[in-house]
Colleague: 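Following this message is one structure expressed as structure tokens.
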Amino acid sequence: MTAPRRVITFGTFDVFHAGHLRLLERAAALGDHLTVGISSDELNARKKGRRPVYPLADRMGIVAALRCVDEVFVEHSLDAKRDYVLDRRADLLVMGDDWTGRFDALGDVCQLAYLPRTPSVSTTAIIEQIRAS
Ligand code: C2G
């Protein structure tokens, strides 16, 4: 099997941290072009019950500035993944393993990889730590 050329991944990337970076670096290493869908503020509110700390424009700017990322776009809906994958001509969809199995239905249009999350770091834990200090 030849290595997939175009990789796509999705996330909120709020209060950007080393777990996010490691996921993006590993996703990029699986192909030679990485597209990242960044959840809109409204989508994050629906997914996690709160608006992100960093607004969409800032989250997009941070992710777009990374050496391993080639392009970013706004992810408005979890249910539009098939369209996003086809529009961006992605060969491989990468997600952290907290999403394992969730997008298997897309197996007819792209390959799928669920990578292990980096332990002991999360946006929620950082927010709680700052709140408690
Ligand atoms: N991640 C990780 N290790 C961590 C924290 C996050 O590998 N310690 C990964 C997640 O598994 C995800 C990516 O980093 O693949 C982005 O994380 P979030 O911003 O929390 O993404 P999420 O809000 O779950 O959005 O369509 C899917 C969603 O938009 C994913």
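All values derive from a computational prediction rather than experimental measurement. Note that ligands are numbered from 1 as they come in the structure, with each ligand's atoms numbered from 1 the same way.
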Colleague: Which ligand 1 atoms does E75 reach within 4.0 Å, using its non-hydrogen atoms?
Modeller: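 Result: 26 (O), 27 (C), 28 (C), 29 (O).
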Colleague: Considering only heavy atoms of S39, which atoms of ligand 1 have at least one such atom less than 4.0 Å away?
Modeller: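 Reading through ligand 1 atom by atom, the close ones are 29 (O).
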Colleague: May I ask you to identify, for T12, whether its side chain, its backbone, both or neither come under 4.0 Å of ligand 1 on a heavy-atom basis?
Modeller: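 Both of them.
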Colleague: Relative to the heavy atoms of K81, which atoms of ligand 1 are at a distance of less than 4.0 Å?
Modeller: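 By the 4.0 Å cutoff, the relevant atoms are 26 (O), 27 (C).
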Colleague: Of all the non-hydrogen atoms in the protein, which one sits nearest to atom 1 (N) of ligand 1, and at what distance?
Modeller: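 Here the closest protein heavy atom is R117 NH1, 4.0 Å.
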Colleague: Kindly determine whether K81 and E75 satisfy salt bridge (Lys or Arg N to Asp or Glu O under 4.0 Å), including the steps that lead there.
Modeller: CA-CA 9 Å; K81 276 232 167 30; E75 178 193 30; 2.9 Å; yes
Colleague: Is ligand 1 under 4.0 Å from a heavy atom in the side chain of R22, in the backbone, in both, or in neither?
Modeller: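 Answer for R22: neither.
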Colleague: For F13 and ligand 1, does the shortest N/O to N/O distance drop below 3.5 Å?
Modeller: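 Checking ligand 1 against F13, an N or O pair does fall under 3.5 Å apart.
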Colleague: In terms of residue, atom name and distance, what is the protein heavy atom nearest to atom 28 (C) of ligand 1?
Modeller: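 Sorting protein heavy atoms by distance from atom 28 (C) of ligand 1 puts K47 NZ, 3.3 Å first.
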Colleague: Looking only at distance, does D98 have an N or O less than 3.5 Å from an N or O of ligand 1?
Modeller: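 Yes: some nitrogen or oxygen of D98 is under 3.5 Å from one in ligand 1.
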Colleague: For atom 17 (O) of ligand 1, what is the closest protein heavy atom, and at what distance to 0.1 Å?
Modeller: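 It is H20 CD2, 3.7 Å.
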Colleague: I'd like to check the side chain to side chain contact (heavy atoms under 4.5 Å, CB included) partners of L86; sequence neighbours left out, ordered by chain and number.
Modeller: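 For L86, the residues satisfying side chain to side chain contact (heavy atoms under 4.5 Å, CB included) (neighbours in sequence not counted) are R82, V109.
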Colleague: Where is the nearest protein heavy atom to atom 3 (N) of ligand 1: which residue, which atom, and how far?
Modeller: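 Protein heavy atom at minimum distance: T118 N, 3.1 Å.
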Colleague: Could you tell me whether L115 approaches ligand 1 through its side chain, its backbone, both or neither, with non-hydrogen atoms closer than 4.0 Å?
Modeller: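 Neither part.
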Colleague: Say whether, by atom type as modelled, one donor and one acceptor occur between the side chain of N44 and the main chain of R50 under 3.5 angstrom.
Modeller: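 Checked: pair present.
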Colleague: Tell me which protein heavy atom sits closest to atom 20 (O) of ligand 1, plus the residue, atom name and distance to 0.1 Å.
Modeller: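 Checking every protein heavy atom, the shortest distance to atom 20 (O) of ligand 1 gives K48 NZ, 3.0 Å.
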Colleague: Is there any N or O on V121 that sits under 3.5 Å from an N or O of ligand 1?
Modeller: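 In this structure, V121 places an N or O atom under 3.5 Å from an N or O of ligand 1.
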Colleague: Let me have the donor-acceptor pairs involving side chains of residues 122-133, under 3.5 Å, with sequence neighbours excluded, atom names and distances please.
Modeller:
| unit_1 | atom_1 | unit_2 | atom_2 | d |
| --- | --- | --- | --- | --- |
| S122 | OG | A125 | N | 3.0 |
| T123 | OG1 | D14 | O | 2.7 |
| S133 | OG | I130 | O | 2.9 |

Colleague: Using modelled atom types and a 3.5 Å cut-off, is there a donor and acceptor pairing between side-chain atoms of D97 and backbone atoms of Y114?
Modeller: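 No; zero donor-acceptor contacts below 3.5 Å.
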Colleague: Evaluate D41 against R51 for salt bridge (Lys or Arg N to Asp or Glu O under 4.0 Å), listing each step before the verdict.
Modeller: CA-CA 6 Å; D41 295 340; R51 288 182 76 79; 3.7 Å; yes
Colleague: What closest approach, in Å, do T12 and S39 show between heavy atoms, and which atom pair accounts for it?
Modeller: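 Minimum heavy-atom separation between T12 and S39: OG1-OG, 3.6 Å.
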Colleague: At what distance, to the nearest 0.5 angstrom, does CG of L23 lie from CE of M95?
Modeller: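 Going from the CG atom of L23 to the CE atom of M95 covers 7.5 Å.
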Colleague: Which of the numbered atoms in ligand 1 are under 4.0 angstrom from any heavy atom belonging to G96?
Modeller: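 Listed by number with element, the hits are 11 (O), 15 (O).
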